[in-house]
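The structure appears right after this line, and notes come after that.
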Amino acid sequence: MFSDNENPGAELSAGQSATAATPAPETTSTTEAESSVPVHAQAEAALIAAPVAATSEPAAVTVAPAEPVAAPDGPAAVEHSDVSEMVETDLESGEASTESTAEMEKLMEQYATPHQAPAEGEVESGQVVAITDSGVVVNLGGKTEGLIPAQEFAELDGPFPLVVGQPVEIQRTGDHKDGMVLLSYQRVRRRQAWAKIEEAYRKKADITGKVVDHIKGGLVVDIGVRAFLPASQADIHPVRDLDEWKDRELTVRVLKMNRKRGNVVVSRRAILDEQVAAQRQTMLDNLAEGQVVKGVVKNVTGYGAFVDLGGIDGLLHITDMSWGRVASPLDAVSPGEEVEVKILKYDKEKGRVSLGRKQLLPDPWASVVERYTQGKKLTGKIMGLTDYGAFVEVEPGIEGLVHVSEMSWSKRKTHPSKIVKVGDEVEVVVLGVDSNERRISLGMKQAQSDPWQQLADKYPVGTVVSGKIRNLTEFGAFLEIEEGFDGLIHVSDISWTGRIKNPADVYKKGDAVEAKVLKIDQATRRVSLGVKQVNDIWSSWFEKHKVGDLVRGKVSRVTTFGAFVELADGIEGLCHISEIDERRGKGDKSAAPPRPGVRQSGLLDPGRDYEFKIVKISQDQHKIGLSYRAAIKQAERRDMDDYRSTKSSAKATIGDAIMAKRSM
């Protein structure tokens with residue numbers, strides 16, 4: 001690179017005197033000076049001095065008139081000869097017109113004007129004159145050309161930035177190649193880029209760049225220089241896939257820069273945060289409950305969706321998405337979807353906004369009372385199951401509850417999932433409507449025929465049924481007559497004779513048992529059964545015996561009020577204490593004193609057989625009243641009659657009959 005005072009290719013001749021310190025010789029007058037120096041000599045001096053003045057400091061040049069000036073070589077000589085010939089021709093012809101004089105003066109001024117070469121590192125302008133394999137040739141002016149090496153354009157993306165005839169700003173490198181000054185196009189671009197970055201950094205202004213690479217921790221953005229965009233500064237929300245950002249045009253802001261190290265850190269989030277803050281403030285100032293606004297679904301959770309209203313997020317709860325049941329918020333909305341919502345509640349202090357979507361639709365509950373009267377039969381779809389029942393959708397947005405107790409006529413507790421499943425079509429009957437609470441009570445069993453109404457016809461009293469023991473309690477056993485219908489066998493109806501305190505002593509769950517229907521109560525939906533009534537031995541016994549008959553039985557147990565007598569297998573009668581022995585007077589001391597701790601029953605001992613007389617029969621209650629005393633009297637009369645029939649004497653007494661019986 002040449003300095004500002006260097007002027008390659010132009011030197012002064014030996015006969016030329018050019019100095020700034022030596023003044024020109026004095027002249028007496030203008031006419032004398034012009035006559036002493038020929039015109040062509042003055043032109044030659046001007047031609048020689050012109051190149052020197054182009055690259056050197058301005059200086060006063062004086063040509064000595066006594067010494068002739070040597071003609072320059074090369075291009076300067078050509079120019080010199082042309083000018084000389086033109087001058088000489090004009091002088092010889094003597095036709096120095098005004099036009100020729102003006103052109104001459106203009107030409108002389110052009111060569112006399114001093115030109116200063118730009119210093120190394122300065123930016124100068126040129127014009128593209130050619131594009132070759134070696135690079136771009138640029139005309140710098142003053143018949144100087146430079147070359148931008150092709151290597152400077154090797155890493156550029158897109159179309160070639162220069163065309164022939166295009167003005168271009170370049171910088172001299174100080175090197176030469178093939179007689180041309182080497183220029184740099186990229187240095188000027190980088191210098192301009194850094195100037196732009198510094199200005200944007202100072203003013204906190206935005207700058208545009210293109211994502212060119214993805215590196216660890218962020219992106220590389222070309223803003224004239226390679227700048228680093230951290231992943232956390234790329235967007236307001238975390239970015240999962242940075243590869244998708246490549247080749248995107250971004251508007252960023254310079255956070256940090258170090259020109260010496262060539263480091264620049266930019267942020268896109270800073271711009272977005274300011275935009276969101278401005279939008280949020282605008283939205284907060286204009287927000288009011290009841291407004292209908294549009295937003296974009298930002299995020300979806302299990303309980304709802306967050307909607308971006310333009311700087312502020314609102315919650316659209318799952319219950320406010322639709323009048324009908326929504327199993328998942330994703331069934332109603334999706335991320336990125338634009339939705340129209342209504343502001344239900346706005347807390348300005350906390351910045352919380354509750355949104356609703358179903359509120360923009362007609363409310364199906366408005367006329368539900370008129371459309372769903374009690375007792376109306378409907379068809380619906382099972383939408384959900386719980387431990388206490390099933391939810392049935394009778395129309396979009398209208399659901400009713402079928403309680404588990406209203407799902408089947410059976411009293412057996414069964415989980416709803418064992419009766420129906422989600423998606424089943426079922427018939428229901430409206431049991432009640434509460435429009436204020438938005439509740440409808442439904443029944444499934446009411447849509448079916450009531451089997452209890454047919455039970456009396458199907459199983460009349462006296463019918464023998466069979467089933468399995470489903471449950472046992474202290475007071476009896478429940479026998480399943482048919483699917484969903486149980487009857488109770490009371491503990492007192494298990495056996496005629498056995499003293500059963502707990503049914504579990506006789507039965508266990510799953511045992512097959514036959515029983516007789518004793519009673520059906522449709523109001524309370526209860527069926528009474530009896531096992532002992534299946535083999536009713538009392539009826540046949542009552543057919544064979546009547547009051548006044550003498551029967552023989554075994555004393556099974558003795559109580560304070562009498563003795564129980566077993567007359568047949570499973571049949572007992574009671575002989576009251578008043579019917580056991582004759583009542584004795586107060587003065588009669590022949591009776592044996594009662595033994596302490598022993599129940600007294602007169603002359604009867606447990607385990608022994610005696611003869612009794614039937615004094616009372618109650619077929620409905622299966623009760624038989626006996627008398628031991630009456631049986632004894634009847635036996636004595638019979639013996640007397642027998643004795644009298646065998647003896648001829650009519651005067652025989654009872655004592656005689658007894659003595660005769662003892663002697664036998």
Side-chain angles (χ1 to χ4, degrees), residues 324-325 364-365 367-435 437-471 477-489 509-510 512-513 515-529:
R325 174 182 293 269
W365 287 90
S367 59
V368 71
V369 176
E370 294 77 9
R371 291 185 291 116
Y372 297 104
T373 56
Q374 186 173 356
K376 186 176 182 179
K377 193 173 183 180
L378 307 169
T379 300
K381 184 178 181 180
I382 302 294
M383 300 298 294
L385 297 174
T386 65
D387 293 337
Y388 53 85
F391 289 94
V392 180
E393 183 185 55
V394 293
E395 71 172 64
I398 301 294
E399 289 185 8
L401 174 65
V402 180
H403 195 267
V404 63
S405 61
E406 305 295 341
M407 300 184 80
S408 173
W409 290 109
S410 174
K411 290 186 177 182
R412 189 191 312 167
K413 293 182 179 180
T414 305
H415 194 273
S417 61
K418 299 294 181 63
I419 302 175
V420 293
K421 62 180 181 295
V422 175
D424 285 352
E425 295 283 343
V426 294
E427 288 187 347
V428 293
V429 173
V430 178
L431 304 181
V433 178
D434 188 344
S435 59
E437 296 294 331
R438 295 178 178 269
R439 294 178 180 177
I440 298 181
S441 298
L442 304 173
M444 288 174 56
K445 67 182 184 182
Q446 288 79 1
Q448 306 168 2
S449 59
D450 187 356
W452 286 95
Q453 297 176 355
Q454 304 172 359
L455 196 62
D457 299 333
K458 189 175 182 180
Y459 302 107
V461 174
T463 304
V464 177
V465 296
S466 60
K468 292 183 178 181
I469 301 295
R470 303 294 301 179
N471 193 20
F478 287 93
L479 182 69
E480 185 180 45
I481 302 174
E482 60 181 47
E483 181 66 28
F485 299 97
D486 298 341
L488 175 63
I489 303 174
K509 288 184 179 181
V513 177
K516 180 178 286 188
V517 178
L518 304 181
K519 184 179 180 182
I520 296 178
D521 190 344
Q522 294 185 9
T524 59
R525 299 181 182 274
R526 293 178 180 178
V527 178
S528 298
L529 304 175

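Here the closest non-hydrogen pair linking Y459 and V517 is O-CG1, 4.0 Å. Contact record, G397 with P364: O-CG, 4.1 Å, taken as the closest heavy-atom pair.
Of the residues listed (D486, T463, V527), the one engaging I481 in a side chain to side chain contact (heavy atoms under 4.5 Å, CB included) is V527, and it is the only one.
Once rounded to the nearest 0.5 Å, the distance linking CZ of F391 with CD1 of I440 reads 12.0 Å. Atoms CH2 and CZ, from W365 and R439 in turn, are 10.0 Å apart once rounded to the nearest 0.5 Å. For the atom pair CD of E399 and CD of E393, the computed distance is 5.5 Å after rounding to the nearest 0.5 Å. Here the straight-line distance linking atom CG of L401 with atom OG1 of T386 works out to 6.5 Å at 0.5 Å rounding.
Residues M444 and V420 meet the side-chain proximity criterion, which asks for heavy atoms closer than 4.5 Å.
Scored by the side-chain hydrogen bond (donor to acceptor under 3.5 Å, both in side chains) test, K458 finds E482 as partners (sequence neighbours excluded).
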message = Apply side-chain contact (heavy atoms from CB on, under 4.5 Å) to residues L529 and L488 and explain how you reach the verdict.
response = CA-CA 6 Å; L529 304 175; L488 175 63; over 6 Å; no
request  = Verify side-chain contact (heavy atoms from CB on, under 4.5 Å) between L442 and V394, making sure each step is shown before the conclusion.
outcome  = CA-CA 10 Å; L442 304 173; V394 293; 4.2 Å; yes
side-chain contact (heavy atoms from CB on, under 4.5 Å) between I469 and L479, intermediate numbers included = CA-CA 5 Å; I469 301 295; L479 182 69; 4.0 Å; yes
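With K519 contributing its side chain and R526 its backbone, the two residues share no donor-acceptor pair below 3.5 Å.
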Name each donor-acceptor pair under 3.5 Å that joins a side chain in residues 373-385 to protein atoms two or more places apart or in another chain, with its distance.
residue, atom, partner, partner atom, Å
Q374, NE2, L431, O, 3.1
K376, NZ, R371, O, 2.9
K377, NZ, E427, OE1, 3.4

